Structures are given as C-alpha cells and as structure tokens.
2 protein chains.
Amino acid sequence: MAAAAAARSQEHEEAVTCVDFWCNEFGMRARIALREKGVPFAFVEEDLRVRRRSDLVRRMNPVHRSVPILIHGGRPVCGSLNIVEYVGEVWSGGQEQEGTRRLLPADPLERARARFWADFVDREVYGAQTRFFTSRGEAKAAAMADLLGHLRRLEAVLGDRAFFGGDGFGFLDVALVPFSAMFHGYERHGGVDMAAECPALVRWVARCAERESVRGVLPSGHDMYEIHMEFYNIE
Amino acid sequence: MAAAAAARSQEHEEAVTCVDFWCNEFGMRARIALREKGVPFAFVEEDLRVRRRSDLVRRMNPVHRSVPILIHGGRPVCGSLNIVEYVGEVWSGGQEQEGTRRLLPADPLERARARFWADFVDREVYGAQTRFFTSRGEAKAAAMADLLGHLRRLEAVLGDRAFFGGDGFGFLDVALVPFSAMFHGYERHGGVDMAAECPALVRWVARCAERESVRGVLPSGHDMYEIHMEFYNIE
C-alpha cells in the first residue's frame with residue numbers, strides 16, 4: 001500500500017502537462033521539443049479565442065497569463081524558448097547524436113548563435129508577420145517585404161546544412177519550424193510563392209515535416225490560415 | 001620566432017573585447033559578467049549619442065547594429081543575456097561556489113526561473129522605465145506605478161535571500177543590477193523614495209555594490225540620470 005502510494009506520488013511529481021492552444025506558433029515549440037525527447041505529456045487546451053484566461057493559466061503564469069506553460073511535477077516553466085531549453089536540459093534521451101542531446105549545440109559559441117537567431121525569430125519574424133496580417137495597402141506590402149527579408153536571412157544562416165542544428169534537428173529548428181505552418185497564409189494573403197521566394201527554407205520545412213515530432217504538432221496550412229483570419233478579424 | 005608567433009596568434013584567438021557605451025544598462029551586464037569571471041577584456045566604446053553606428057558594430061552585429069557585442073577570438077556574441085550565458089559557460093573560474101559557477105543555477109527549474117525573470121526585466125522593467133521617462137502627466141504617473149509594481153514583484157522573487165542567485169551573485173543579479181543605477185533617476189524625475197518603496201531591493205543593491213564587478217561597472221546615479229535626460233531630450 002505504502003509503496004503504491006509512493007509510486008503514485010512519484011508519478012504525480014513527474015507528471016508533465018503542456019498548456020497551449022493548437023495553433024499557437026510559440027506553444028508548438030514546447031510540444032515539438034517534448035515529442036522530440038520522447039516525453040509523454042498531457043495537452044491541456046487553452047482556447048485563445050476566449051478572452052478570459054483559465055484559472056490554471058492565471059495560477060501557473062500569473063505574470064503574463066500567457067501560454068505555452070509547461071507544468072512539470074506541479075511546477076510551471078513559462079516562455080516558449082525557456083521551455084525548449086528546459087526540456088533539452090532535463091530529458092537527454094530520444095536523440096542519438098551527442099551534440100544535439102540538449103537540443104542546443106555543445107559549443108558555447110554555436111549555442112549563443114542559436115539563441116541569437118531564435119530571438120530574431122521572436123522579434124523580427126513574428127513582428128513582421130503580425131504587421132503583415134494586421135495592416136493594409138502599402139504597410140502590408142512593406143511588412144511582407146520585411147518578412148521575406150528576415151526569412152532569407154535565416155536561409156543564409158542555414159546555408160547548405162540539413163538543419164539549423166547542423167546534421168541534427170535542434171533548438172533553432174524547433175524555434176522556427178512552427179512558423180512554416182503560416183507559409184500557406186503568406187501565399188493566400190500576400191500572393192507570394194514561398195517556394196520561389198525562399199527555396200532553401202521550403203526544402204528545410206519538408207525535411208522537418210518528415211519528423212514525427214513536427215508532423216504530430218503542426219496544423220495544416222489551411223487550418224492555420226483560417227483561424228488566424230478569425231483572430232485578426234479578416235474576411 | 002615561430003613559437004612567439006604562435007603565442008601571439010593564440011593570444012589573438014582568445015582576445016576578448018566588449019563593445020558598449022558606459023551608461024547602457026544592457027551592456028553593463030556583459031561587463032559585470034566578465035569581471036565576475038575574472039576575464040580580462042578590452043572595452044571599446046560606442047558612443048550611442050552619435051546616430052551612425054561604427055564600422056565595427058555594423059560588421060559584428062549586422063542584424064541589429066546594437067551594443068553590447070562581445071568579441072571573443074574575433075567572433076561576435078550579441079544580445080546582453082546571451083552574452084552573460086556565454087561568459088558563464090566559457091569561463092568557469094572566479095567564483096568559489098559550484099552552484100553559481102556558470103552564473104545560472106545548476107538546477108534546470110531554477111535556471112528556467114532565472115531566465116524567465118531576466119526576460120521580465122527586459123520586457124516589463126525596461127518597458128515601464130522607458131515609458132516613465134518619455135511620457136508626461138497621467139501616463140508618466142501610470143508608468144511609474146507599473147515600474148514600482150514590477151520591482152516589487154522582483155522583491156518577492158528575491159524573498160529573504162541575499163541574492164537572486166541564492167547565497168551567490170548569479171545570472172538574474174547580473175541582469176537586474178544595472179537598472180539600480182537609474183534608481184536615482186526615478187527619485188529625481190518621479191519624486192519617489194526608492195528606499196521606502198522597495199526597501200528589500202535597495203538593500204540588495206547595497207550588497208551588490210560591495211562587489212568589485214558591480215562597483216567597477218555601474219556609473220553614479222547622477223551621471224546616469226544626466227545622460228538619460230540628454231537621450232530623452234528632457235531638461
């Protein structure tokens with residue numbers, strides 16, 4: 001009896017929950033990282049179309065009241081890149097190569113570069129994407145030009161490697177790949193041809209999509225576009 | 001001859017330069033981290049009062065053209081928190097306690113918390129501070145109220161520990177302490193009494209100021225206030 005209770009308690013201690021909404025580009029990172037590391041987790045959906053945040057979110061992330069939130073043994077980790085680092089640090093299994101064990105590269109300089117470009121995705125790519133969907137006319141065209149410029153910069157970072165992590169799928173791959181679910185939206189809403197604009201990145205997306213972790217998390221471009229049109233109030 | 005050349009080449013490889021301006025709250029983090037780890041470095045000043053960035057900055061940080069930049073063996077690391085992580089990872093000496101060796105705590109959850117609150121400083125504390133100095137009337141009063149609210153939140157995080165890193169001065173201490181150089185400015189410009197508003201934080205600032213690393217980097221509150229009045233065009 002005592003042993004069973006201890007086991008249950010241990011299990012509770014170690015339970016992993018990800019609070020997120022299915023189409024959240026930031027939250028997808030957390031879920032991809034968990035799948036990449038083979039960590040079983042409960043997915044608790046927070047409907048971002050509802051204005052009021054759930055009691056769980058208000059309790060677990062009182063500062064920002066945002067998702068994703070990773071709850072590990074009852075304790076929250078907030079911030080999508082923070083969660084990816086945490087997952088990479090806590091669960092080292094699930095990948096064969098030593099260098100990508102922690103998702104981040106082993107070399108400190110390469111780690112710093114991966115963090116730098118992930119921050120670039122958060123600030124520049126996401127910023128331009130939001131401006132693109134929420135503006136009109138010239139401002140919209142300028143936002144799309146910025147967005148393509150940022151993605152081409154990332155293509156240059158990728159170079160001729162298979163993944164941003166080098167041979168292995170790593171931190172920056174996890175950070176960027178959710179945005180590929182919006183490429184269809186860029187095409188529909190912006191009239192661009194992504195395969196022509198960013199061919200190397202589109203090939204990289206195809207390589208990422210071969211991974212179970214990515215395939216299991218990324219929604220279809222169609223669903224992604226439809227719900228964001230609803231978010232941004234665009235007909 | 002060959003040995004001397006090799007030694008010079010090695011020295012160059014390992015040379016450390018920090019490009020920054022003396023009153024940059026973000027850059028101070030990099031310089032405090034370097035001093036904390038006992039790393040000798042050259043300080044190259046980038047005068048932020050001049051609009052055009054130097055060729056060095058444009059070459060080393062073409063994406064953001066911002067400082068601080070850490071240049072290690074000719075290779076740049078950009079982004080102040082990124083630099084602090086890098087310094088903590090590369091140079092493990094200079095501190096006695098195992099747990100603070102890398103500036104970040106050893107426990108992954110505590111590391112995630114330190115990163116979360118450092119991001120809070122970047123977004124919320126810096127955001128409210130900027131609004132405080134650049135707005136007028138009710139907006140200025142609201143910004144000061146927000147700023148004090150954020151600092152009180154950080155006081156609660158500190159709790160009754162000597163430092164945010166626990167017993168040792170760590171990552172979040174490095175991230176926040178440069179902002180204390182502006183407390184004098186909050187008092188002069190906002191008419192608040194920081195020792196009355198945030199007593200625990202003010203005591204923490206005094207503890208930090210006992211460290212050579214902090215004392216050697218933080219400008220006086222007077223100098224900090226004067227130059228920011230110049231930046232913000234306030235008489």
Side-chain angles (χ1 to χ4, degrees), chain A residues 13-14 16 30 33 37 60-64 66 68-92 102-125 127 149-150 152-154 156-157 171, chain B residues 13-14 16 30 33 37 60-64 66 68-92 102-125 127 149-150 152-154 156-157 171:
Chain A
E13 276 290 304
E14 298 302 325
V16 177
K37 292 297 172 193
M60 287 290 167
N61 188 1
V63 174
H64 300 304
S66 62
I69 306 170
L70 182 79
I71 308 174
H72 184 200
R75 294 160 306 187
V77 178
C78 302
S80 67
L81 294 176
N82 210 5
I83 292 172
V84 176
E85 288 227 31
Y86 179 81
V87 169
E89 287 176 5
V90 171
W91 293 281
S92 56
R102 296 177 58 188
L103 291 175
L104 276 161
D107 176 63
L109 191 74
E110 290 303 318
R111 296 164 76 85
R113 284 194 181 139
R115 290 187 184 118
F116 173 85
W117 288 108
D119 176 71
F120 176 83
V121 173
D122 278 14
R123 289 207 265 170
E124 307 296 339
V125 175
H150 298 330
R152 286 195 200 104
R153 250 197 162 128
L154 287 161
V157 173
F171 182 77
Chain B
E13 275 292 303
E14 299 302 325
V16 177
K37 292 298 174 194
M60 288 291 168
N61 189 1
V63 174
H64 301 305
S66 62
I69 306 170
L70 182 79
I71 307 174
H72 184 200
R75 295 160 306 187
V77 178
C78 302
S80 67
L81 295 175
N82 210 4
I83 292 171
V84 176
E85 288 227 32
Y86 179 81
V87 169
E89 287 175 4
V90 172
W91 293 281
S92 56
R102 296 177 57 188
L103 291 175
L104 276 161
D107 176 63
L109 191 75
E110 290 303 318
R111 295 165 77 85
R113 283 192 182 141
R115 290 187 183 118
F116 173 86
W117 287 110
D119 175 72
F120 176 84
V121 173
D122 278 13
R123 289 207 267 170
E124 308 296 338
V125 175
H150 298 328
R152 287 196 198 102
R153 247 192 166 135
L154 286 162
V157 173
F171 182 77

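What you are looking at is a predicted structure, and each value in this text was computed from that prediction instead of being measured. The chains referred to below are lettered A, B, ... by the order of the sequence lines, with proteins before strands, and numbering in each begins at 1.
Top candidate by heavy-atom pairs under 4.5 Å with chain A, chosen from B:Leu109, B:Val77, B:Ile83, is B:Leu109. The greatest number of non-hydrogen atom pairs below 4.5 Å with chain B, out of A:Arg123, A:Arg111, A:Glu124, is found for A:Arg111.
When all heavy atoms of B:Asn82 and A:Ala112 are compared, the pair lying nearest together is ND2-O, 2.8 Å. A:Val90 and B:Pro108 get closest at one heavy-atom pair: CG2-CB, 3.6 Å.
Side-chain contact between B:Phe120 and A:His64 is present, with at least one heavy-atom pair separated by less than 4.5 Å.
Within the 4.5 angstrom heavy-atom criterion, atoms from both the backbone and the side chain of A:Phe116 approach chain B. Both the backbone and the side chain of A:Val63 come within less than 4.5 Å of a heavy atom in chain B. In this structure, chain B has no heavy atom under 4.5 Å from any part of A:His150. Contacts between A:Asn61 and chain B at a heavy-atom distance below 4.5 Å involve the side chain alone, from C-beta outward.
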